Amino acid sequence: GSNLVKKLLFYDAKITCLVRSKNSINNISNFNKEINLIQGDILFEDKKYWKNKLNGTELVFHLAAEGVQGENDKNWNDIVKTNILGTLNLLQTCSKINSINKIILTGSSSEYGIVNKKKIEVNEKLNPLDIYGASKAAISLMAFSIAKQTNLKIIILRLFQVYGPYESKKRLIPALI
């Protein structure tokens with residue numbers, strides 16, 4: 001998220017950023033005077049609060065997610081709460097704010113599961129292998145449905161092995177380096 005914020009600032013975008021953890025704040029601390037920073041949780045359901053904070057916003061990038069840490073699947077409830085219920089909360093809130101005309105969600109290659117092809121088409125069958133992939137697939141299906149029922153334009157980017165500055169050392173590429 002911090003790399004996206006940095007790039008958007010380069011284009012002089014007005015940014016409001018919801019961050020959950022101190023670590024996230026540290027990643028953007030060198031330019032947080034230029035953004036409206038909200039520390040909180042995507043699961044916070046007070047629609048009036050979020051409507052007040054997001055009023056005037058035109059575009060929302062939704063990057064919040066809870067992932068599986070290695071082989072540890074014991075955080076299934078956290079994954080479902082953050083990824084599915086948190087996203088539903090965000091989409092419901094955004095659908096009530098007239099100024100928001102587009103939401104960009106980050107999906108995951110985990111939605112596809114194992115595909116034995118060199119090229120994966122965007123309309124490839126979703127076949128997740130774990131709770132994280134299943135939660136991201138559920139978000140995609142939910143978002144498509146909500147987009148049909150509301151005026152929200154929703155774009156889903158299914159990302160593959162994201163890496164860059166500020167990356168957690170627990171992620172695959174930093175762990176290998």
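Because only heavy atoms are used, hydrogens play no part in the values below, and waters and symmetry mates are left out as well, while side chains stay in. In this text the structure is predicted, and so the values were computed from the model without any measurement.
- To the nearest 0.5 Å, the span separating OG1 on T106 from CG on L159 amounts to 6.0 Å.
- Contact detail for N83 and S135: the closest heavy-atom pair is ND2-OG, 3.0 Å.
- Panel note: side chain S145, backbone L141; no donor-acceptor pair is recorded below 3.5 Å.
- Among pairs with a residue in residues 7-16, those fulfilling side chain to side chain donor-acceptor pair (under 3.5 Å) read T16-N36, at least two apart in sequence or across chains.
- With sequence neighbours left out, S110 forms a side chain to side chain donor-acceptor pair (under 3.5 Å) with S108.
- The side chain to side chain contact (heavy atoms under 4.5 Å, CB included) test applied to L88 returns Q92, M142, I146, not counting sequence neighbours.
- A donor-acceptor pair under 3.5 Å is absent between the side-chain atoms of N101 and the main chain of K153, judged by distance alone.
- Considering only residues two or more places apart in sequence or on other chains, N127 meets the side chain to side chain contact (heavy atoms under 4.5 Å, CB included) condition with none of them.
- When the side chain to side chain contact (heavy atoms under 4.5 Å, CB included) test is applied to S95, the partners found at least two apart in sequence or on another chain are T150, L152.
- Scored by the side chain to side chain donor-acceptor pair (under 3.5 Å) test, S99 finds no partners at all (sequence neighbours excluded).
- The CG atom of N89 lies 9.0 Å from the CG atom of D41; values are rounded to the nearest 0.5 Å.
- L126 and I131 fall into different hydrophobic clusters, where Ile, Leu, Val, Met, Phe, Trp and Tyr residues are linked whenever their side-chain heavy atoms come under 4.5 Å apart, directly or through other members.
- If you chain together hydrophobic residues whose side chains sit under 4.5 Å apart, F144 and Y112 never meet in one group.
- Within the structure, salt bridge (charged side-chain N to carboxylate O under 4.0 Å, His left out) pairs that include any residue of residues 102-115 comprise E111-R158 (at least two apart or interchain).
- Around CZ of F160, the count of heavy atoms belonging to other residues, nucleotides or ligands within 6.0 Å exceeds 12.
- A distance of 9.5 Å separates CG of L9 from CG of L4, quoted to the nearest 0.5 Å.
- Rounding to the nearest 0.5 Å gives a distance of 9.5 Å between NZ of K136 and CD1 of I156.
- Expressed to the nearest 0.5 Å, how far OG1 of T82 lies from CG of N75 amounts to 9.0 Å.
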Can you give me every donor-acceptor pair (side chain of residues 51-65, partner residue at least two apart or in another chain, under 3.5 Å) with its distance?
residue : atom : partner : partner atom : Å
K51     : NZ   : K96     : O            : 3.4
T57     : OG1  : L54     : O            : 2.8
H62     : NE2  : T87     : OG1          : 2.7

Validation: residues 113-121 side-chain donor-acceptor distances under 3.5 Å, sequence neighbours left out:
residue : atom : partner : partner atom : Å
K117    : NZ   : E124    : OE1          : 3.3
K117    : NZ   : E124    : OE2          : 3.3

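- Scored by the side chain to side chain contact (heavy atoms under 4.5 Å, CB included) test, A147 finds I154 as partners (sequence neighbours excluded).
- Residues A134 and P128 come closest through the heavy atom pair N-CB, 3.3 Å.
- Every residue meeting the ring pair (Phe, Tyr, Trp, His ring centres under 6.0 Å) condition with Y49, not counting sequence neighbours, appears here in chain and number order: F44.
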